[in-house]
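Inspection log for the structure reproduced underneath, given as structure tokens.
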Amino acid sequence: MPTDEEYAVVLFDGVCHLCDGAVRFILRRENSTLLRFAPLQSEAGKALLMKYGYPENYLDGMIFIENKRAHDRSSACLRIAGKLKLPWRLLVVFLLVPKPLRDLVYRMVAVARYRWFGKKEVCSLPQGEDSARFL
């Protein structure tokens, strides 16, 4: 069963090239190794979606779970940025922008992400030392 009690968890679309790139970006720039990751399509991802009130087939974007609270879309991305090294951490200031405006920009990218960046047939998880951080 996923452990969202000890760690913050990033749920991402496992077949989206943009999302996969974002996870690799986070892994290289995070401030600590306390983040865990799960594709939305995985059993762990689906269990966490259901636990936090999202439909099991949710694919509308990233979700960030921290302190027993789920944040989606732009809020997820900006809260994740807060876990990264400088200068990326400074992006949290955009949480001051009203969520509907932030999410409008997020949705424009999310709707076109497969067309712009492509889609994989299956989710590929990292190998090596990072693999232990995936639920």
Side-chain angles (χ1 to χ4, degrees):
M1 185 66 184
T3 174
D4 56 319
E5 305 293 325
E6 296 177 65
Y7 302 102
V9 179
V10 176
L11 298 177
F12 65 97
D13 183 349
V15 298
C16 170
H17 283 293
L18 175 62
C19 301
D20 182 59
V23 169
R24 284 186 276 117
F25 181 90
I26 294 164
L27 285 166
R28 288 191 307 269
R29 290 167 181 85
E30 66 183 319
N31 210 21
S32 67
T33 58
L34 296 178
L35 295 178
R36 296 298 180 260
F37 302 87
L40 291 164
Q41 298 90 336
S42 69
E43 291 305 314
K46 289 177 184 179
L48 286 168
L49 285 171
M50 300 297 284
K51 179 177 180 178
Y52 287 94
Y54 292 88
E56 184 179 313
N57 61 348
Y58 178 91
L59 289 174
D60 291 341
M62 285 190 148
I63 295 179
F64 181 59
I65 301 168
E66 183 178 42
N67 298 324
K68 299 179 184 177
R69 187 159 180 225
H71 307 276
D72 57 26
R73 298 183 178 91
S74 65
S75 296
C77 292
L78 294 172
R79 289 178 186 280
I80 292 166
K83 304 297 181 192
L84 304 180
K85 295 175 184 170
L86 288 172
W88 306 106
R89 183 183 318 164
L90 300 175
L91 291 171
V92 297
V93 72
F94 287 104
L95 285 170
L96 297 173
V97 174
K99 184 170 172 46
L101 184 58
R102 287 186 280 120
D103 281 352
L104 177 66
V105 173
Y106 185 94
R107 282 190 186 103
M108 288 184 337
V109 174
V111 165
R113 71 185 189 259
Y114 293 146
R115 188 173 61 246
W116 293 347
F117 300 97
K119 183 177 178 180
K120 299 185 263 180
E121 291 298 316
V122 294
C123 176
S124 59
L125 296 177
Q127 305 298 315
E129 63 186 52
D130 290 329
S131 63
R133 304 201 28 226
F134 284 74
L135 305 177

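This structure is a prediction, so every number in the text was calculated from the model and none was measured.
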Hey, does the Lys NZ or Arg CZ of Arg73 hover above the aromatic six-ring of Tyr106, less than 6.0 Å from the centre and inside 45° of the axis? no
Any salt bridge (Lys or Arg N to Asp or Glu O under 4.0 Å) pairs touching residues 91-100, not counting sequence neighbours? Asp72-Lys99, Lys99-Asp103
Would Met62 end up clustered with Leu101 when hydrophobic side chains under 4.5 Å apart are linked, directly or stepwise? yes
Pairs satisfying ring pair (Phe, Tyr, Trp, His ring centres under 6.0 Å), at least one member in residues 60-85, at least two apart: none
Between the side chains of Gln41 and Asp13, is a donor N or O closer than 3.5 angstrom to an acceptor N or O? yes
Taking atom CZ as the centre, does Arg28 end up with more than 12 heavy-atom neighbours from other residues, nucleotides or ligands that are less than 6.0 angstrom away? yes
List the steps and the verdict of side chain to side chain contact (heavy atoms under 4.5 Å, CB included) for Glu56 and Leu49. CA-CA 6 Å; Glu56 184 179 313; Leu49 285 171; 5.7 Å; no
For the residue pair Ala81 and Leu91, what are the closest heavy atoms and their distance? CB-CB, 3.9 Å
Interatomic distance, Ile63 atom CD1 to Leu48 atom CG [nearest 0.5 angstrom]: 9.0 Å
Closest contact, heavy atoms only, Leu11 versus Leu40: CB-CD2, 3.6 Å
Using side-chain heavy atoms (C-beta onward) and a distance below 4.5 Å, is Arg36 in contact with Val10? no
Under the side chain to side chain donor-acceptor pair (under 3.5 Å) test, residues paired with Arg102 that sit two or more places apart: Ser74, Ser75
By side chain to side chain donor-acceptor pair (under 3.5 Å), Arg107 pairs with (sequence neighbours left out) none
Restricting to non-hydrogen atoms, name the atom on Pro55 and the atom on Met50 that form the minimum distance, rounded to 0.1 Å. C-SD, 4.2 Å
Please list, chain by chain and in numerical order, all residues satisfying salt bridge (Lys or Arg N to Asp or Glu O under 4.0 Å) with Arg79, sequence neighbours excluded. none
Under a side-chain separation threshold of 4.5 Å, the hydrophobic residues clustered together with Leu86 are Leu90
Please name all residues satisfying salt bridge (Lys or Arg N to Asp or Glu O under 4.0 Å) with Arg24, sequence neighbours left out, ordered by chain then number. Asp20
Residues at least two apart in sequence or cross-chain that pass side chain to side chain donor-acceptor pair (under 3.5 Å) with Lys83, listed by chain then number, are Glu66
Taking all non-hydrogen atoms of both residues into account, name the closest pair between Gly82 and Arg89 and its distance. O-CG, 3.6 Å
Please name the pair of heavy atoms, one in Ser32 and one in Arg133, separated by the smallest distance, quoted to 0.1 Å. O-NH2, 4.4 Å
Listing request: all ring pair (Phe, Tyr, Trp, His ring centres under 6.0 Å) pairs with a residue in residues 75-103, at least two apart in sequence or in separate chains. Phe25-Trp88
Quick one: do Val93 and Leu95 end up in the same hydrophobic cluster if we chain Ile, Leu, Val, Met, Phe, Trp and Tyr together by side-chain heavy atoms under 4.5 Å apart? yes
Contacts of Val111 meeting side chain to side chain contact (heavy atoms under 4.5 Å, CB included) (sequence neighbours excluded), chain-then-number -> none
Can you name the closest pair of heavy atoms from Ala110 and Asp60 and give their distance? CB-O, 4.2 Å
Taking side chain as C-beta onward, heavy atoms only, is Tyr52 less than 4.5 Å from Lys68? yes
Using ring-ring contact (aromatic ring centres under 6.0 Å, His included) as the criterion, list what pairs up with Tyr58, not counting sequence neighbours. Tyr54
d(Phe12 CZ, Leu59 CG) to nearest 0.5 Å is 12.0 Å
Could you tell me whether the side chain of Ile26 reaches within less than 4.5 Å of the side chain of Leu84, counting heavy atoms only? yes
Close side-chain approach of Phe37 to Leu27, heavy-atom, < 4.5 Å: yes
